[in-house]
Protein chains: 2
Amino acid sequence: MTLHDSPKHNHKHCVNTALAMAQQLCLERGVQLTPIRYQVLELIWASHKAVKAYELLEQVKPLQMAAKPPTIYRALEFLSEQGLIHRVESLNAFIGCRCSNAPHEQLLLICKNCQEVEERTAPKVMQALSEEFNDAGFIVHSKAIEIHGLCSQCAVQL
Amino acid sequence: MTLHDSPKHNHKHCVNTALAMAQQLCLERGVQLTPIRYQVLELIWASHKAVKAYELLEQVKPLQMAAKPPTIYRALEFLSEQGLIHRVESLNAFIGCRCSNAPHEQLLLICKNCQEVEERTAPKVMQALSEEFNDAGFIVHSKAIEIHGLCSQCAVQL
DNA sequence: ATAGTGAATGTTACAGTATAACAAATGAGA
DNA sequence: TCTCATTTGTTATACTGTAACATTCACTAT
């Protein structure tokens with residue numbers, strides 16, 4: 001049982017909320033959440049595990065017969081630009097983001113056992129980071145903070 | 001001019017120190033810094049930019065005629081295990097590490113302009129991170145903290 | 001109406017990254 | 001010398017991502 005399989009987590013509700021918010025945001029921004037893009041987002045939200053592009057491709061094919069790698073990568077690029085998903089650099093994979101309505105720094109906790117990825121905002125970490133790169137005279141454009149280990153659920157089981 | 005091209009930075013000395021330390025560490029640990037591994041490490045230290053595996057392959061070929069992808073990836077795996085290099089996840093590339101004698105958390109500042117990568121230990125950030133994942137009940141195995149932006153040199157030039 | 005425009009998707013081909021699996025060589029100790 | 005573990009050679013292939021051009025579609029200015 002993983003963190004998000006737990007009885008406390010109503011995943012259907014979790015997904016519906018994320019998808020509804022995505023639609024709302026795209027509407028507000030005047031960008032198109034087309035069927036392909038929506039399907040990819042839905043597939044990413046199917047679990048809280050990071051999903052690989054070619055896994056998505058296989059899953060999309062029954063829905064979009066013409067799907068080829070660019071189909072997926074374009075959808076991923078769009079979703080990423082809109083802040084609806086994050087790329088997990090250390091896994092070459094993608095996860096859904098539920099904080100898309102506010103710009104935010106991402107910090108990802110990646111469980112080696114159940115493969116689930118939890119996003120946290122971690123203001124204190126970001127504050128410490130700001131001080132660190134100000135010292136270095138470094139001007140930040142983007143951050144990727146990825147922590148690998150065991151999530152609380154898996155930690156107690158192993 | 002990049003940060004490490006500056007007159008203040010004696011790169012030959014910088015490399016020699018890193019290579020000497022690598023040899024010393026491998027000796028102490030009873031592991032073999034073979035010619036191939038040494039050459040790859042030397043090539044990585046040729047600059048402070050992150051180097052890609054296939055770039056290394058091209059550069060190693062004159063020295064190791066039989067070099068093929070596994071040649072490089074095995075050397076990279078060894079060097080990485082020994083803490084002599086770090087993988088930059090967001091670039092699919094590698095940089096030398098000068099802090100190999102002490103276990104340390106890595107925080108990488110990656111300049112988009114000159115491509116140089118600076119490693120910092122950032123104890124305050126790591127402290128804040130500890131608190132963050134303790135709150136989450138998360139047991140950390142490894143961290144990848146990669147900040148993209150402009151280094152101090154490039155920031156003033158642009 | 002329709003021709004032009006821009007966004008999105010289709011399609012082909014390929015570039016770039018990484019590893020599996022097995023063979024051969026090397027070197028140190030029984 | 002034999003044996004075992006480590007390292008390297010070799011072949012093949014899997015996985016990840018993009019370039020470039022064609023087509024479709026919806027909108028809108030004429």
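Residue numbers start from 1 in every chain, and the chains themselves are labelled A, B, ... in the order their sequence lines are given, proteins ahead of strands. Computed from a predicted model, the values in this text were never measured in an experiment.
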Using a distance-only criterion (donor-acceptor N/O pair, under 3.5 Å, no hydrogens), is the base of C:dA20 paired with the side chain of B:Tyr73?
no

For D:dT16, does either OP1 or OP2 sit under 4.0 Å from a side-chain N or O belonging to A:Arg87?
no

For A:Cys26, does its backbone N or O pair with a side-chain atom of A:Gln82 as donor and acceptor, under 3.5 Å?
no

Rounded to whole Å, how long is the line connecting atom CD of B:Glu55 with atom P of C:dA15?
17 Å

Identify, between B:Val31 and B:Lys68, the residue whose nearest nucleotide on DNA chain D lies closer to the 5' end.
B:Val31

Most 5' of A:Phe78 and A:Ala66 on DNA chain C, judged by nearest nucleotide
A:Phe78

Which whole-number value in Å describes the distance from A:Asn92 CG to D:dG17 C1'?
10 Å

Donor-acceptor check, side chain of B:His11 to backbone of B:Trp45, threshold 3.5 angstrom: yes or no?
yes

Closer to the 5' end of DNA chain D via nearest nucleotide, is it A:Ala53 or B:Ile36?
B:Ile36

Beyond-backbone contact of A:Gln157 with A:Leu150, side-chain heavy atoms, under 4.5 angstrom:
no

Between CG of A:Leu57 and C1' of D:dC15 the distance, given in whole Å, is 12 Å

In this structure, how many angstroms lie between the P atom of C:dA18 and the CD atom of B:Glu89, rounded?
9 Å

Does the side chain of B:Lys52 get closer than 4.0 angstrom to OP1 or OP2 of C:dT17 through an N or O atom?
yes

Return yes if some donor-acceptor pair links the side-chain N/O of A:Lys52 with the main-chain N/O of A:Leu91 below 3.5 Å, else return no.
yes

Side chain of B:Glu146, backbone of B:Glu89: donor and acceptor closer than 3.5 Å?
yes

Length of the line joining B:Arg74:CZ and C:dA18:P, which is rounded to integer Å:
16 Å

Aromatic stack B:Tyr54/C:dT17: centroid gap under 5.5 Å, interplanar angle under 30°:
yes

Rounded to whole Å, the CE-P distance (B:Met65 to D:dT8) equals 17 Å

D:dT7 P sits how many Å from B:Gln32 CD, rounded?
5 Å

What is the distance from CG of B:Leu76 to P of C:dT17, rounded to the nearest Å?
12 Å

